Amino acid sequence: MITVRTRIAPSPTGDPHVGTAYIALFNYCFAKQYGGEFILRIEDTDQLRSNRKSEQQILDALRWLGITWSEGPDVGGPHGPYRQSERSDIYKQYIKQLVSMGHAFPCFCTAEELNQMRAEQYARGETPRYDGRALLLSKEDVAQRLAAGRPHVIRMKVPSEGVCVVPDMLRGDVEIPWNHIDMQVLMKTDGLPTYFLANVVDDHLMGITHVLRGEEWLSSAAKLILLYEYFGWELPRLCHMPLLRNPDKSKLSKRKNQTSLTFYERIGFMPEAMLNYLGRMGWSMPDAREKFSLQEMVGNFDMSRVSLGGPVFDIEKLSWLNGQWLRDMPVEKFAMRMQQWAFRPEHTMKIASLVQSRVETFSQVVSLAGFFFTDGVSPDVKLFESKNLSSNQVRQLMQLILWKLESLPQWEKNVIISTIKTVVESMKLTFRDAMPLMFAAITGRANSVSVLDSMEILGLDLTCFRLHQALDLLGGVSEKEKKEWKNLMDLAV
């Protein structure tokens, strides 16, 4: 009897996402329900966006929730290394195998050539996809280009006719026409693999038996199945979980909802409640109870109870459930957990270093630094009135700063300063024009401890959350304004 092995493979390119935790939870429960293993792998082949700080945040967030793994980059294991960036030689070996078998080929097309090809396809009313032009090159031509060191990628061959049948654990057989599938790039010009190759090779070598992932990957499942066929490997069981949705049924995104696990940890949600809530996303206990532990979910887990309807991630419902967990604790445990949340040593030290020189009694700390311990603040709208800026300029400046901050790959004071300066200079304003607005939005006051240090301590998610709140207080930003300001930012920043 085979040992069930599942995995989660997040990309370390930002804050840990609740969607990652959702998929990790279901993989964990499925494996444990069968006495199997759950492993963690880091997909960090995007060298421009991946970073170790983000990786550590993901590991910390999953452990905060109570999800553990038997193999991973931090704990090791027999199938390592568990970072894809450290497995390049392995992928190159399998790329050579695919090329030699005639299942993949080098493509020398430039970005300009590909853009022109797609534009012509659009003009003809066709679905843009690679047209296979590199396959028309002779062996001699290909050899000469390779010998000359011409930049190239490796693409996989894809049938042009027929359908691929994707066996899905929740949906049964799903048919995807091959003429909808592009000739996927498997190896980039930098010699690193794309998700599709690395995913298949790693899952095979790591003995993954079941792949539970988001349904947004269903349309690309044919590419994975084809690679398994090319290699002659057994396909793991596939299961595409329903996507988490915003209350308006759109795909969960930070534009409409808070998606960072770090955000929920920092504003005082219990990890047990968060796991409980994620477990209710498209799944239910046999007795329909709403409050249950991770151990209870594992003990009662059954994939047949997963609903394909898009589960709605509603922070109000999460807050209600968190309240149930808080009220059900003995008061002694409640006090202990509250102390652990409010006075984490590292967090407290950062705040103490900012307020110590500004207070004369401990009681003054509360009014000066209380904003560090809340999810949002309630600034007076008058704090956003500026002598140098119109009300529209105030909103525009704050929106542009927010957009730029949300896209930062790292969150450090010097990067925050540089980002704000870039925005104000693009608007032909000064740094001083922006600072009063930041003080009001982040601290709720006209002045306080250093707002830039405060933003670094609060983190990207809480900082951006408060900027969103401030913009809402000022009347929000229309879709027309967003489009106009986005164009200005792309041109000037």
Side-chain angles (χ1 to χ4, degrees), residues 2 4-11 19-20 22-31 33-34 36 43 98 103-104 126-130 155-186 194-204 206-246 249-253 278 281-284 301-313:
I2 65 168
V4 170
R5 285 173 61 84
T6 65
R7 52 78 173 167
I8 186 71
S11 298
T20 299
Y22 162 67
I23 296 298
L25 172 62
F26 279 81
N27 273 281
Y28 177 91
C29 289
F30 183 84
Q33 207 269 337
Y34 287 98
E43 295 190 347
L98 286 174
H103 298 315
E126 300 171 0
T127 301
R129 62 197 298 260
Y130 183 69
R155 292 181 181 270
M156 68 184 294
K157 288 184 179 179
V158 174
S160 58
E161 299 178 347
V163 299
C164 176
V165 178
V166 180
D168 185 85
M169 292 172 63
L170 295 177
R171 298 165 177 79
D173 289 345
V174 179
E175 293 188 351
I176 300 177
W178 281 117
N179 61 12
H180 289 181
I181 305 300
D182 204 357
M183 294 186 188
Q184 177 67 45
V185 172
L186 300 178
T194 60
Y195 163 85
F196 297 93
L197 176 73
N199 181 69
V200 167
V201 170
D202 288 347
D203 281 350
H204 173 71
M206 295 180 183
I208 302 303
T209 61
H210 296 74
V211 175
L212 282 64
R213 57 184 190 163
E215 66 181 340
E216 71 267 32
W217 294 104
L218 179 59
S219 61
S220 66
K223 301 175 187 178
L224 302 186
I225 292 175
L226 188 59
L227 280 175
Y228 276 98
E229 292 179 0
Y230 284 163
F231 284 122
W233 295 338
E234 183 178 354
L235 180 71
R237 296 287 304 279
L238 300 179
C239 177
H240 293 87
M241 298 292 296
L243 288 178
L244 298 184
R245 303 283 179 182
N246 292 307
K249 302 297 183 178
S250 61
K251 179 182 176 181
L252 184 66
S253 68
L278 291 174
M281 296 287 97
W283 185 84
S284 61
F301 193 75
D302 184 345
M303 283 300 297
S304 67
R305 298 191 64 81
V306 174
S307 169
L308 290 178
V312 174
F313 188 90

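Side chains included, hydrogens not; waters and symmetry mates left out as well; all remaining heavy atoms used. Not measured: the values here are computed from a predicted model.
For Pro242 against Pro311, the heavy-atom pair with the smallest separation is CB-CD, 3.8 Å. Residue Trp233 comes nearest to Val201 through the heavy atom pair CZ3-CA, 4.0 Å, listed as atom of the first residue, atom of the second, then distance.
Qualifying ring pair (Phe, Tyr, Trp, His ring centres under 6.0 Å) partners for Tyr130, counting only residues two or more places apart in sequence or in other chains: none. Among residues two or more places apart in sequence or in another chain, the side-chain hydrogen bond (donor to acceptor under 3.5 Å, both in side chains) test is passed with Trp217 by none. With sequence neighbours excluded, the residues that form a side-chain hydrogen bond (donor to acceptor under 3.5 Å, both in side chains) with Ser284 are Arg305. Every residue two or more places apart in sequence or in another chain was checked for a ring pair (Phe, Tyr, Trp, His ring centres under 6.0 Å) with Tyr228, and none qualifies. With sequence neighbours left out, Ser304 forms a side-chain hydrogen bond (donor to acceptor under 3.5 Å, both in side chains) with Asp302. Phe301 meets the ring pair (Phe, Tyr, Trp, His ring centres under 6.0 Å) test with Phe26, Trp283; sequence neighbours excluded. With sequence neighbours left out, Ala9 forms a side-chain contact (heavy atoms from CB on, under 4.5 Å) with Arg7, Arg41, Glu43. Looking at residues two or more places apart in sequence or on another chain, you find no salt bridge (charged side-chain N to carboxylate O under 4.0 Å, His left out) involving Arg155.
Residue pairs meeting the side chain to side chain donor-acceptor pair (under 3.5 Å) criterion with at least one member in residues 177-186, sequence neighbours excluded, are Gln184-Lys223. Sequence neighbours left out, not one pair with a member in residues 227-241 passes salt bridge (charged side-chain N to carboxylate O under 4.0 Å, His left out).
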Is there a ring pair (Phe, Tyr, Trp, His ring centres under 6.0 Å) between Phe30 and His210? Walk through the geometry before answering. CA-CA 9 Å; Phe30 183 84; His210 296 74; 4.8 Å; yes
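Thr194 contributes a side-chain N or O that, together with a main-chain N or O of Val185, makes up a donor-acceptor pair within less than 3.5 Å. Remark: the backbone N or O of Ile23 is paired with a side-chain donor or acceptor of Asn27 at under 3.5 angstrom.
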Would you be so kind as to tabulate the donor-acceptor pairs closer than 3.5 Å made by side chains of residues 159-174, with sequence neighbours excluded?
residue : atom : partner : partner atom : Å
Asp168  : OD1  : His240  : N            : 3.0
Asp168  : OD1  : His240  : ND1          : 2.7
Asp168  : OD2  : Leu170  : N            : 2.9
Asp168  : OD2  : Arg171  : N            : 2.9
Asp168  : OD2  : Arg171  : NH1          : 3.3
Arg171  : NH1  : His240  : O            : 2.6
Arg171  : NH2  : Glu215  : OE1          : 2.8
Arg171  : NH2  : His240  : O            : 3.3

